[in-house]
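Before any comments, here is the structure.
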Amino acid sequence: MPANRDVALVAREVLEGAYVLLTFRHPEVAREARAGQFVMIKAGTSADPPLRRPFSILAVDPERETFSLFLKAVGAGSRALADLPPGGAAQCVGPLGRPFEPPSDGSEALMVAGGYGIAPFLLFVRELRRAGRTGRVFYGGRTVADLQVREPFTALGVSLVPATEDGSLGHRGRVTAPLEEYLDGGPGPATLYACGPDAMMRAVARVAERRGLPAQVSLDPWMGCGVGTCLGCVVRIQRPDEPQAKYRCACTEGPVFDAATVVWPGEAASLARRRAVEVKG
Amino acid sequence: MPANRDVALVAREVLEGAYVLLTFRHPEVAREARAGQFVMIKAGTSADPPLRRPFSILAVDPERETFSLFLKAVGAGSRALADLPPGGAAQCVGPLGRPFEPPSDGSEALMVAGGYGIAPFLLFVRELRRAGRTGRVFYGGRTVADLQVREPFTALGVSLVPATEDGSLGHRGRVTAPLEEYLDGGPGPATLYACGPDAMMRAVARVAERRGLPAQVSLDPWMGCGVGTCLGCVVRIQRPDEPQAKYRCACTEGPVFDAATVVWPGEAASLARRRAVEVKG
Amino acid sequence: MSLAVEIAGVRLKNPLIAASGTFGYGVEYEGLLDLSLLGGIVSKGLYMEPRDGCPTPRIVETPSGLLNAIGLQGVGAPAFVRDVLPRLARYDTAVFVNVCGDTVEEYAEVARVLAGAPGVAGLEINISCPNVKKGGMAFGGDPRMTHEVVAAVRKATRLPVIPKLSPNVADVALFARVCEEAGADAVSCINTLLGLVVDVEARRPKLAFGTGGLSGPAIRPVAVRMAWQAARAVKIPVIGIGGVSSAQDALEFLIVGCRAVQIGTANFVEPGVYARVLAGLEDYLGRHGLDDVNAVVGTLRFPGEGAEAGSEG
Amino acid sequence: MSLAVEIAGVRLKNPLIAASGTFGYGVEYEGLLDLSLLGGIVSKGLYMEPRDGCPTPRIVETPSGLLNAIGLQGVGAPAFVRDVLPRLARYDTAVFVNVCGDTVEEYAEVARVLAGAPGVAGLEINISCPNVKKGGMAFGGDPRMTHEVVAAVRKATRLPVIPKLSPNVADVALFARVCEEAGADAVSCINTLLGLVVDVEARRPKLAFGTGGLSGPAIRPVAVRMAWQAARAVKIPVIGIGGVSSAQDALEFLIVGCRAVQIGTANFVEPGVYARVLAGLEDYLGRHGLDDVNAVVGTLRFPGEGAEAGSEG
Ligand SMILES: Cc1cc2nc3c(=O)[nH]c(=O)nc-3n(C[C@H](O)[C@H](O)[C@H](O)COP(=O)(O)OP(=O)(O)OC[C@H]3O[C@@H](n4cnc5c(N)ncnc54)[C@H](O)[C@@H]3O)c2cc1C
Ligand SMILES: Cc1cc2nc3c(=O)[nH]c(=O)nc-3n(C[C@H](O)[C@H](O)[C@H](O)COP(=O)(O)OP(=O)(O)OC[C@H]3O[C@@H](n4cnc5c(N)ncnc54)[C@H](O)[C@@H]3O)c2cc1C
Ligand SMILES: Cc1cc2nc3c(=O)[nH]c(=O)nc-3n(C[C@H](O)[C@H](O)[C@H](O)COP(=O)(O)O)c2cc1C
Ligand SMILES: Cc1cc2nc3c(=O)[nH]c(=O)nc-3n(C[C@H](O)[C@H](O)[C@H](O)COP(=O)(O)O)c2cc1C
Ligand code: FES
Ligand code: FES
């Protein structure tokens with residue numbers, strides 16, 4: 001059950017490129033969080049900006065009752081969090097949202113992360129491992145500074161394939177290239193998981209569609225409340241049994257959706273195409 | 001000439017009782033500040049709270065081009081400053097306002113400070129010393145934690161007489177008691193200077209009036225702009241040559257005023273009484 | 001210490017009500033907070049039919065505020081009665097329904113559907129809906145249309161009728177009086193202020209719909225002023241709304257004459273807001289030696305005036 | 001790259017003007033910033049006689065806003081002409097004077113005093129002043145009184161006449177049209193929103209006067225909406241005002257159709273605001289491949305409409 005709490009910043013590690021690792025004490029999040037879930041959090045009590053912000057739960061420590069975020073300061077809300085002094089106060093509710101679903105038996109989890117989109121996959125890798133499953137991470141960004149959460153994966157023995165647009169680390173170019181390369185190598189059955197910029201998630205969804213693979217994407221629309229009441233976060237989703245797409249709250253029915261049900265902005269809803277995928281997936 | 005600058009927090013020392021010492025880089029303030037002057041300063045750029053806050057300039061270091069504040073976190077604006085992380089950004093204009101005027105030749109400066117009202121007197125003591133003059137500080141507060149800026153005075157060889165309401169340091173009771181005691185001892189000519197809570201400043205003004213001593217008080221009305229345009233900081237002042245009191249900006253015509261010209265809220269303007277004082281003073 | 005208040009014959013255990021459109025149908029908060037903490041809940045706006053709502057973006061933040069154009073996405077009155085009301089029956093809180101309409105007839109129809117349903121404490125009439133017959137002008141911007149809508153709902157039901165005033169008028173007191181004359185049992189004051197935020201890079205409105213309604217702390221001074229004006233103008237109770245997120249904010253509305261207070265945007269910011277505000281109210285009453293929240297209602301001493309009429313409570 | 005704009009025949013070197021009552025008489029900022037940076041300055045409101053203004057507190061902060069009741073403390077028009085205008089003559093900026101009156105006749109009289117003075121670029125008519133003959137109701141809240149004041153000033157002077165619209169009306173476009181018909185050369189839009197903040201401990205208004213005018217970032221979405229409505233309603237130029245503190249904010253007003261923008265409360269927050277906003281405007285024009293700020297005026301693409309009429313510049 002999600003819980004709302006005033007939380008204190010327990011630890012803060014400033015990384016390169018406006019990234020920061022923040023750890024807060026929040027027993028319910030620490031105990032219950034599942035991969036793909038998020039918190040709504042806000043530093044202090046100033047009314048400008050007024051709202052909390054959604055961040056994926058990167059890691060939890062149930063014993064210390066803490067959770068951690070991997071956060072990029074991009075605007076006023078994230079900057080206020082990134083600038084919190086140790087001990088500083090935040091308001092936080094979580095864990096929220098629908099988590100990633102594990103791949104069906106025998107299917108390998110191929111995780112594709114862009115920038116801070118790596119965040120939900122650390123918990124996911126641990127969940128997979130607890131279930132005795134395996135996975136592989138494709139991690140993309142503009143430059144090496146966008147790929148800062150690598151050790152925790154390799155420490156768990158998960159293979160992590162980096163890709164940067166400027167070639168500063170790993171494959172030069174889009175992260176979908178090494179993904180396709182891997183799939184071309186003819187591995188066993190696979191399930192795709194994507195979290196990152198919209199364009200990347202669409203690309204992964206297309207790969208999945210083309211290859212007839214199931215895929216889950218973690219969307220990040222703007223969110224006002226995180227609990228299904230502001231109706232600001234709605235995305236168009238069309239389930240196979242539905243005659244047309246419906247607005248659904250990304251905060252409660254997502255953020256993780258079956259990629260085949262997502263009506264991407266600007267794309268005509270091709271139900272037939274999606275149906276076909278559903279049938280195969 | 002006052003200057004407006006974006007400043008960075010250079011040093012931060014957290015003291016007891018919600019007090020903090022903050023040091024910022026601001027060449028003009030560091031070079032030009034005089035005792036009793038203040039800065040208008042605001043942490044960050046959030047629009048809530050919207051305005052800067054006035055703080056007395058405690059100390060300057062012209063070589064490092066820095067100045068320091070002695071700040072008590074009481075509300076949102078001061079708390080945001082007190083919580084700035086090192087390197088954190090603030091917006092600051094200064095030095096502003098009318099400084100203390102030195103006592104006339106042969107008159108001893110008796111400074112009466114309440115709580116953060118000590119702030120302007122450290123510069124004042126240095127100014128006096130540069131002019132080969134002497135002074136004496138009466139420093140009051142509720143408890144010892146309110147009297148944290150003592151060493152810098154004693155290090156300069158200035159005698160500092162503490163008074164706390166709970167008796168935790170120095171005289172138990174109001175700070176005006178040791179002041180009156182000192183005056184009863186029949187020192188030479190003296191000029192009173194007061195900065196602190198309104199009630200304390202009124203009490204000092206009454207002592208001055210009763211004893212026929214000149215007095216300067218540093219008022220702290222609410223200030224919106226610090227530069228004479230919002231007209232929010234006005235106080236009623238009646239100069240000896242004026243038939244009635246006028247609203248005057250505490251930010252530009254003050255914050256330091258001749259105590260005899262101040263029309264205290266709720267007090268009928270007794271011009272005659274004040275005139276009498278003026279004549280003697 | 002009593003926090004109970006009475007609005008239009010409905011007893012609320014405390015003066016805090018969740019505002020329409022900011023609390024879903026209430027059930028969304030089931031896991032997060034105890035709904036029985038609340039004096040009442042106003043459902044989001046309901047037409048007869050389900051609605052899809054506006055395209056996105058639907059919400060944009062502004063300094064200390066929120067601009068929204070949700071477009072009244074909702075399940076429609078019949079589905080609300082069927083699916084939601086039974087779930088809310090478990091909680092000890094008054095359920096008000098926010099009634100919408102494209103036409104005067106639709107308002108009355110929605111009111112009739114709800115009048116027959118168990119568990120509805122009263123109807124809040126959202127007169128800020130666009131009038132489709134009059135080219136989309138809001139009912140609540142015109143005194144005659146306001147009267148017509150309120151009178152039609154009044155005729156359709158014996159439930160308490162509570163029109164919700166629009167702030168986008170010159171004289172909110174006039175509209176409060178019109179509602180009182182048309183048979184309203186109370187008024188809610190205020191709905192959102194019409195606003196526009198421009199995406200300067202794209203040179204379009206940031207909201208897909210264009211303009212939107214401004215809410216949140218930013219509007220509180222305007223809302224308190226209007227609630228004060230409305231409370232002086234009518235004998236029926238006024239429910240204050242606009243930017244409440246603390247006990248102090250709620251007290252501002254009570255002191256200017258409101259019998260109860262709605263909390264809107266703050267639900268998004270802080271799901272636990274009710275417990276905090278209630279604790280603050282109790283603390284205030286204690287510090288002021290009062291044992292009934294009604295004792296503060298209408299106690300504003302306005303410069304040059306005597307105290308406003310005290311509470312009857 | 002040209003930032004120059006023209007308002008009512010007056011050429012401004014850039015579209016940024018200091019708003020009345022927030023920049024003193026301009027001379028207060030002499031030491032702090034170069035007044036020649038500004039497109040223009042509007043003096044604080046002037047009646048014929050000097051005024052003491054309201055008791056304190058006169059200003060209270062609100063979330064992202066400021067509520068003020070200064071009471072138009074000022075030196076009066078004759079002293080302004082004698083003491084202030086000569087000092088402003090040194091700067092290369094357009095000086096507008098904000099004209100107040102207790103009666104229609106006083107507005108005309110102030111206008112005449114200023115018409116004869118060198119160095120006045122135009123008159124901004126503060127129609128939000130209380131009408132002493134009508135029990136203190138603001139001139140600007142009534143279309144007929146608005147027309148009367150504007151027409152009287154129009155008759156009294158050949159200087160550009162720029163009424164400043166009140167936001168405390170239902171239909172700001174109507175008032176813009178009334179001003180245009182009465183002979184105004186431009187309109188300023190908007191003045192402050194009427195608000196009330198309560199000191200809950202004392203159960204009195206926080207402002208000594210009672211109610212006050214709300215300004216600052218909090219009101220920007222309302223101000224942009226009203227400026228957009230006014231700009232669509234009239235042919236004369238509209239000067240946008242309300243919560244501007246960045247180039248983006250100023251661009252919002254320009255894009256919805258304003259020819260120039262006033263900066264008010266931000267002067268208190270940041271004396272250096274003009275240089276920063278100007279740099280931001282230049283950066284924006286550069287990034288968008290534009291070499292004239294007039295090219296963005298009125299370029300809003302509103303959903304379901306074509307682009308608004310482009311600029312003539
Ligand atoms: C489920 C989820 C998980 C996330 N996890 C992480 C994470 O682990 N780490 C991380 O760094 N970030 C994460 N994000 C993104 C993060 O929430 C945003 O970066 C943050 O909210 C930005 O807030 P801000 O105030 O800093 O920036 P803002 O100033 O609010 O704006 C940042 C961006 O959002 C856009 N924007 C603002 N308002 C709207 C609106 N109404 N509609 C559409 N777009 C708008 C702006 O144009 C701008 O590009 C996640 C988002 C979601 C939805
Ligand atoms: C010249 C000068 C020098 C100062 N020097 C120092 C110093 O060296 N150190 C220091 O710690 N403080 C100093 N102060 C006081 C300091 O400015 C305040 O404590 C600070 O502004 C409080 O801001 P805040 O946001 O923290 O609190 P706020 O939340 O703004 O309120 C703090 C107090 O101010 C009152 N207040 C708020 N608005 C108004 C209003 N409109 N009118 C009247 N009262 C109002 C509140 O009721 C409350 O009691 C000085 C003040 C002045 C004028
Ligand atoms: C996202 C959102 C949706 C809203 N939907 C409705 C609605 O359906 N019906 C209604 O009468 N008011 C609606 N409102 C207005 C609120 O009920 C309330 O009057 C307004 O937000 C002011 O209060 P606040 O400042 O506390 O939010 C909505 C407000 C918001 C922010
Ligand atoms: C302290 C203060 C004093 C003001 N005095 C006047 C005035 O004398 N005449 C006038 O027309 N407007 C006056 N205004 C209104 C401003 O000119 C401006 O219209 C309003 O503040 C909105 O702009 P802003 O949000 O940029 O402040 C005043 C505003 C403030 C905050
Ligand atoms: S974020 Fe508010 S409904 Fe999803
Ligand atoms: S603080 Fe604004 S005039 Fe003094």
Side-chain angles (χ1 to χ4, degrees), chain B residues 1-7 28 32 39-54 75-77 89-97 219-237 244-253 263-266, chain D residues 18-33 43-44 50-74 206-208 212 215-220 243 245-246 249 264-276:
Chain B
M1 201 77 111
N4 180 50
R5 290 189 170 272
D6 289 341
V7 296
E28 291 81 4
E32 299 166 19
V39 295
M40 291 292 291
I41 186 166
K42 172 185 159 107
T45 57
S46 167
D48 177 48
L51 297 176
R52 301 186 183 191
R53 297 286 186 266
Q91 313 176 48
C92 175
V93 61
L96 300 169
L219 302 181
D220 74 337
W222 184 89
M223 290 187 177
C225 69
V227 298
T229 56
C230 76
L231 304 183
C233 67
V234 293
V235 288
R236 284 215 170 269
I237 298 291
Q244 56 185 40
K246 263 181 63 173
Y247 278 130
R248 288 192 158 87
C249 286
C251 64
T252 49
E253 304 199 38
V263 182
W264 300 98
Chain D
S20 180
T22 65
F23 206 70
Y25 300 117
V27 292
E28 290 84 345
Y29 284 96
E30 271 181 324
L32 259 177
L33 52 86
S43 79
K44 56 186 172 191
R51 294 220 168 193
D52 238 22
C54 291
T56 55
R58 292 173 161 192
I59 291 187
V60 55
E61 276 185 313
T62 71
S64 297
L66 215 62
L67 193 75
N68 88 81
I70 304 298
L72 293 157
Q73 172 178 340
K206 278 206 176 163
L207 295 180
S215 65
I219 70 167
R220 193 168 62 237
S245 69
S246 72
D249 303 340
T265 302
N267 289 303
F268 304 152
V269 184
E270 182 187 357
V273 64
Y274 297 93
R276 189 170 55 81

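The chains referred to below are lettered A, B, ... by the order of the sequence lines, with proteins before strands, and numbering in each begins at 1. All values reported here derive from a predicted model rather than from experimental measurement.
Residue with the most contacts toward chain B among D:Gly272, D:Gly31, D:Ala266: D:Gly31 (heavy-atom pairs, distance under 4.5 Å). Ranked by heavy-atom pairs shorter than 4.5 Å toward chain B, the options D:Gly21, D:Gly65, D:Pro217 are led by D:Gly65.
Note that OG1 of D:Thr265 and CG of D:Asn68 are 8.0 Å apart. Values are rounded to the nearest 0.5 Å. For the atom pair CG of B:Leu231 and SG of B:Cys251, the computed distance is 8.5 Å after rounding to the nearest 0.5 Å. Here the CG-CE distance, from B:Leu96 to B:Met40, works out to 8.0 Å after rounding to the nearest 0.5 Å.
The two atoms that bring B:Val7 and B:Cys92 nearest to each other are CG2-CB, 3.9 Å, heavy atoms only. Nearest approach of B:Arg52 to D:Glu270, heavy atoms of both residues: NH2-CA, 3.5 Å. Closest heavy-atom contact between D:Lys206 and D:Pro57: O-CG, 3.4 Å.
Within the 4.5 angstrom heavy-atom criterion, atoms from both the backbone and the side chain of D:Pro55 approach chain B. Only the side chain of D:Leu66 comes within contact range of chain B, with at least one heavy atom under 4.5 Å from a heavy atom of that chain. Heavy atoms closer than 4.5 Å to chain D are found in both the backbone and the side chain of B:Val227. Both the backbone and the side chain of D:Pro63 come within contact range of chain B, with heavy atoms under 4.5 Å apart. For a residue to count as touching a neighbouring chain, one of its non-hydrogen atoms must lie under 4.5 Å from one of that chain's; by this rule D:Thr22 touches chain B with the backbone only. Residue B:Arg236 touches chain D through its side chain alone, counting heavy-atom pairs closer than 4.5 Å. In this structure, chain B has a heavy atom under 4.5 Å from the side chain of D:Tyr29, while its backbone stays farther away. Heavy atoms of D:Ser245 lying under 4.5 Å from chain B are absent altogether.
Side-chain atoms of B:Gln91 do not come within 3.5 Å of backbone N or O of B:Ile41 as any donor-acceptor pair.
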